Undergrad: 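First, the structure itself, so that you have it in front of you.
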Amino acid sequence: MFGRCHRFVLLAAALLLPLSAEAQDDQLRVAAAVQSRSVYVGQQFLLQLQVQGTDRPDPVDVRPLERDFVVTEAGGGASNSTSVTIVDGRMARQVRRGYNFNYRLAARKPGEAVIPPLSVTSAGRSASTQPLRLMVLPPQENDDFRLRLSLSESRAYVGQPVTLTVVWHIGREVQEFSFTMPLLDDRRFEVLDPPGGARDASHPDVMEIRLGDRRAIARRGVGELGGRQYTVLRFEKVLVPRVAGSMTVPEGTVTFASPRPGPSRRRDPFDDFFGGSLFSEAFGRRELETLAIPSNRPRIEVLDLPSDGRPAGFNGWIGDFRLRAKAEPTSVEVGEPITLGLTVEGDGALHDAQFPALHEVPELSRDFSVPSEIGAGESREGGKVFTQTLRARHDRVAEIPPIELPYFDPDAGEYRIARSQPIALVVAPSRIVTAEDAEGLGVSAPRQLEVESREQGIAHNYVDASALQPMSGGWAARLRPLGPLPVALSVLAVPPLLLLAMQAARAAPGALRPIRLLVRSRRSRWKRPLARIDAEGGGPGEVAEAVLAALRDYLGYRIGAAGTEAAAWTFGDVERRLAALDPDGSRGLADAATLGALGDVFERCEAGTYAGAGPADATGRRRLVEDAAAVMDRLEEGWS
């Protein structure tokens, strides 16, 4: 019984197997088809690549098309089909897999054009299309339509913005239009959008149109040409010449469909652009014809900017400009940030211009710390606003000097400079933050035994001098950490004796070596710490703090103060101690020039350490280290 059932199942499986069999065409083929074999210059038409044998082909390289056509991808997708056949009771299913690539093309010039063979690949297989020949017709003038190009300047300079205005005059109904503007693809010009072009994009008479790979904001209106009223579509682009020379603007084209002339009801030529008319379908549509209208070809002469009289800092501004400056706040301490706002107004490339680097202006960088970069600026109505942060280097700063903007005036044919008014400042010295400030105390710790809660800082508990343990025994008590007095004296005597023994073993000229070692050890108090400072990689505050620490350590060692005392010295502390060591100036420890240089280094270090106004770039930080080394050399000469 079991054997019979088993044979029945096997027989049924054998009979049903052909029902699910699939046949698939694995050969890869591709064909090209176009919407029309006769087109106008600039008229968009559809090219379709029909692939068979796969529904997952590789992307197609369409660069061979770009020499004669403007190419735009128009999507694509799988195109599979299934067929079922029954022969002698057996059913077979065959799946044909395919894919369609769609592109929109527009011919660049009239005459015979060829769509070259295009290759399609998939999983190691490849196939190519056959070439297709097209007839490209030149655009034709028509009394009902006109396309006009105009330039704001017929003579301009390299870098001077020139406005291209395109006006399409429309005398009857149009549909499915497209523009071809070869000038916008000319590499001799940089193409920009006019400022504020998208501001009225939501207006019912404003629409976005395509210009190949570009877009433009166009406005509908009414205009007159040759004594006839037209509906007009107008848009603008800004052209910035890159090279000098004379040229005739290439012909532009607008291609569109329009009903053939004949009796019809009156209607707005733009009905179809803005959603069509309620009666468009009710009364039927007339036969459409495809038209391509050429533009005129204006000329432009582009001149090089003159090299004579070009001011330093000229950054390519061309036009006629005015400059206003504003600063906030105007009452600060050394190192505190000041926001400088610069507003440029006038006629020129305000929307794409960069302000000259302020850190390269000597009059400004001498008294202020200025970042090496300035923001791109914010375009506003009638101008462009740039902001920069400044920090005063010392309290002798009384104003922000006039800021200059060099520019070239194309109407006058010469360079000029727009200047802002100076801005008065009140700069106070920056107060040194001491350890007592960090603890929240005043000048000194209060004498108190009880515990108090203080809101000013972290210093809570202090005791008076009664808590100190008296140490008697004079200088001998200082040696107790080394052991008994004889042992301590022996330990201290060993290094000098070894040094003398080494020197005795050398020739007579070596007798001066201990003195050299002593001088070297003094200089190493500041040379080694300065050499370890990373002026290239360290931050502004880090470098200033490290230089200040090395300076204080060296001066404390030379003047003879404890390290903890010297660690908080200001320049005033150092100046008073130097005066006490040499009250009548007989020793010549530091002359007026050396003191001035020392005070300048102290001021720059303190501004960077406590006010965040350290050198902004590696060059400034390296200069601070070099200036500190130079002033220490001069001090060492005074002591030697």
Side-chain angles (χ1 to χ4, degrees), residues 40-44 70 106 138-156 160-186 189 191-241 247-258 261 267-274 289-300 347 351:
Y40 283 101
V41 171
Q43 176 186 349
Q44 288 193 343
V70 177
Q140 302 290 331
E141 292 282 357
N142 189 298
D143 291 339
D144 291 333
F145 304 96
R146 292 284 190 269
L147 183 63
R148 291 292 178 262
L149 308 183
S150 62
L151 299 173
S152 61
E153 307 289 340
S154 59
R155 182 174 178 270
Q160 178 183 353
V162 177
T163 301
L164 167 69
T165 302
V166 181
V167 181
W168 181 20
H169 299 264
I170 305 167
R172 52 188 169 95
E173 182 183 343
V174 295
Q175 301 175 18
E176 300 176 357
F177 67 94
S178 64
F179 285 90
T180 301
M181 292 289 161
L183 178 60
L184 302 184
D185 297 322
D186 194 320
F189 295 90
V191 181
L192 305 172
D193 291 320
R199 187 171 51 231
D200 301 326
S202 60
H203 194 280
D205 287 336
V206 173
M207 62 186 305
E208 184 180 75
I209 62 174
R210 297 194 61 173
L211 304 170
D213 294 334
R214 304 178 186 273
R215 296 182 181 273
I217 300 299
R219 179 180 291 274
R220 182 179 69 161
V222 177
E224 183 178 333
L225 182 65
R228 177 178 174 179
Q229 291 287 330
Y230 290 90
T231 296
V232 299
L233 189 69
R234 179 193 309 268
F235 62 89
E236 295 179 345
K237 286 290 182 179
V238 175
L239 308 176
V240 181
M247 68 171 294
T248 300
V249 173
E251 183 180 84
T253 306
V254 57
T255 306
F256 56 94
S258 177
R267 59 183 298 178
D268 190 320
F270 265 70
D271 272 353
D272 285 327
F273 287 174
F274 292 90
E289 62 177 340
T290 300
L291 298 174
I293 305 301
S295 73
N296 59 319
R297 303 184 63 190
R299 288 187 57 81
I300 183 172
D347 177 23
H351 56 290

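As the structure is a prediction and not an experimental result, all values here were calculated from the model.
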Undergrad: Return yes if a side-chain donor-acceptor contact under 3.5 Å exists between T248 and R297, otherwise no.
TA: no
Undergrad: Should S258 and R172 be marked as a side-chain hydrogen bond (donor to acceptor under 3.5 Å, both in side chains) after you check the CA-CA gap, both sets of side-chain angles, and the distance that decides it?
TA: CA-CA 8 Å; S258 177; R172 52 188 169 95; 2.9 Å; yes
Undergrad: Please step through side chain to side chain contact (heavy atoms under 4.5 Å, CB included) for the pair Q43 and T290, ending with a clear verdict.
TA: CA-CA 9 Å; Q43 176 186 349; T290 300; 3.6 Å; yes
Undergrad: Does R214 reach the main-chain N or O of L184 with its side chain, forming a donor-acceptor pair under 3.5 Å?
TA: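 Here the side-chain-to-backbone pair exists.
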Undergrad: How long is the gap from OG on S295 to CE on M181, to the nearest 0.5 Å?
TA: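 Taking OG in S295 and CE in M181, the distance rounds to 6.0 Å.
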Undergrad: Roughly how far apart are L291 CG and T255 OG1, rounded to 0.5 Å?
TA: 9.0 Å
Undergrad: Roughly how far, to the nearest 0.5 Å, is CG of D143 from CZ of R228?
TA: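 Reported to 0.5 Å precision, the distance equals 7.5 Å.
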Undergrad: Decide if atom CZ of R148 counts as having more than 12 heavy atoms of other residues, nucleotides or ligands within a radius under 6.0 Å.
TA: yes
Undergrad: On the 0 to 90° scale, with breaks at 30° and 60°, tag the F179-F235 ring pair as parallel, tilted or perpendicular.
TA: perpendicular
Undergrad: Once side-chain hydrogen bond (donor to acceptor under 3.5 Å, both in side chains) is applied, do any residues pair with E141, and if so which ones, sequence neighbours excluded?
TA: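 E141 satisfies side-chain hydrogen bond (donor to acceptor under 3.5 Å, both in side chains) with no other residue.
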Undergrad: Is V240 close to Q160 at the side-chain level, that is, under 4.5 Å between some pair of heavy atoms?
TA: no
Undergrad: How far does CG of L211 sit from OG1 of T180, to the nearest 0.5 angstrom?
TA: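 Result: 9.0 Å between the selected atoms.
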Undergrad: Out of curiosity, I209 CD1 to W168 CH2, how far, rounded to the nearest 0.5 Å?
TA: 9.0 Å
Undergrad: Answer with yes or no whether the side chains of R210 and S178 bring together a donor and an acceptor at under 3.5 Å.
TA: no
Undergrad: Which value, rounded to the nearest 0.5 Å, describes the distance between I217 atom CD1 and D193 atom CG?
TA: 8.0 Å
Undergrad: Give me the one residue out of R155, M247, E153 that meets side chain to side chain contact (heavy atoms under 4.5 Å, CB included) with I300.
TA: M247
Undergrad: Between the side chains of R219 and D205, is the shortest nitrogen-to-carboxylate-oxygen separation below 4.0 Å, so that they form an ion pair?
TA: no
Undergrad: Would a line drawn from the ring center of F145 to the ring center of Y230 be shorter than 6.0 Å?
TA: no
